[in-house]
Protein chains: 2
Amino acid sequence: MLNQSSDLDRLFHALADPARRAIVERLSRGPAPVSELARPLPMSLPSAMQHLGVLEAAGLVRSEKIGRVRTCAIEPQALSQAEQWINARRIEWERRLDRLGEYLKTLESEGDDNGPGE
Amino acid sequence: MLNQSSDLDRLFHALADPARRAIVERLSRGPAPVSELARPLPMSLPSAMQHLGVLEAAGLVRSEKIGRVRTCAIEPQALSQAEQWINARRIEWERRLDRLGEYLKTLESEGDDNGPGE
DNA sequence: AGCATACTTAGGCGTATGCTTAACCAATCG
DNA sequence: CGATTGGTTAAGCATACGCCTAAGTATGCT
């Protein structure tokens, strides 16, 4: 595949799965070991670990192994990136709607009768 | 909060692809026909249409066919849902960090020596 | 009518994803 | 030390994804 998987690709992909979002939700309330993250999930431990791997690859989760326990924690910055992309889109369409509003006002005050450009 | 899952699944999945994000970015600047959305993408028209289908299934894009031209437009509300989920997570961990801060302050002022819970 | 345009549908192909079980470390515990 | 607990690796399999080409439909132009 030609895919060079950008940061956002990995981020959104990581969030596109209920199990992974559940993990993020849990970790938003505080760090936890792997087994605790896996327990509520309807799947085997290795599968849960795979999801954890995806989250870690996306930079959403950081983990450290102490003794035989790996403790996971959320990495808030990563989520911010996704938020920023979404925000940027909103800014764009809001600005566009503003321009459209201005334009319509102009038409109104000038009594011009051209159809709207879009 | 436990389950409108598949909505978010579709949403984040839709955003996890650069071609689809490119389409959303383009549509944030205003409506466009299918062919214009497809032109800049490094793929065939049918493939682009498939992406469009994913975006539409996710509720991110709405489209209407007039004559032989299908015009697509963005559906801002859909993106808001994703934003809200992300926001909710941030609220949670910020509140958690606040509580942690309070706790540490308490320890400091009381000179107590119990190990930290987390 | 004949032809171009703008999609749309159908079928197929290779890779990625998600899940499972079984086996394998490594750090405790009795 | 041997058993248990917590995690990791390996191998396999079914399905989903993303892409393609080829052919089909519907609209508009001349």
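Of the side-chain N and O atoms in Ser47(B), one or more sit less than 4.0 angstrom from OP1 or OP2 of dC20(D). Proximity of Ser44(B) to the phosphate of dC19(D): no side-chain N or O atom is located under 4.0 Å from OP1 or OP2.
Looking at heavy atoms from C-beta onward, Leu11(A) lies out of side-chain contact with Trp85(A) at the 4.5 angstrom threshold.
Every side chain to side chain donor-acceptor pair (under 3.5 Å) that Glu83(A) has, sequence neighbours left out, goes to Arg90(B). With sequence neighbours excluded, the residues forming a side chain to side chain donor-acceptor pair (under 3.5 Å) with Glu36(A) are Arg26(A), listed by chain and number. Residues forming a side-chain contact (heavy atoms from CB on, under 4.5 Å) with Val34(A) (at least two apart in sequence, or on another chain): Leu45(A), Met49(A), Leu52(A), Arg70(A), Cys72(A). In this structure, the side-chain contact (heavy atoms from CB on, under 4.5 Å) partners of Thr71(B), at least two apart in sequence or on a different chain, are Pro31(B), Val69(B). Every residue meeting the side-chain contact (heavy atoms from CB on, under 4.5 Å) condition with Glu75(A), not counting sequence neighbours, appears here in chain and number order: Arg62(A). Partners of Ser44(B) under the side chain to side chain donor-acceptor pair (under 3.5 Å) rule, at least two apart in sequence or in another chain, are Ser47(B). For the side chain to side chain donor-acceptor pair (under 3.5 Å) test, residues two or more places apart in sequence or in another chain that qualify with Glu56(B) are Ser63(B).
Comparing His51(A) and Ile66(A) along DNA chain C, the residue whose closest nucleotide (by nearest heavy atom) sits nearer the 5' end is His51(A).
Spacing between atom CD of Glu64(A) and atom P of dG6(D) amounts to 18 Å, rounded to whole angstrom units.
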Find every protein N or O atom lying less than 3.5 Å from an N or O atom of nucleotides 1-3 of chain D, and list the pairs.
none

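Distance from the side chain of Arg20(B) is smallest for dG18(D) among the nucleotides dG18(C), dG18(D), dC19(C).
Pair check for dC29(C) finds dG2(D); Watson-Crick or G-U wobble, both atom distances under 3.5 Å.
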If the sugar-phosphate is the primed atoms plus P, OP1 and OP2 and the base is the rest, what is the B/S/- string for nucleotides 5-12 of chain C, using protein heavy atoms under 4.0 Å?
BSBBB---
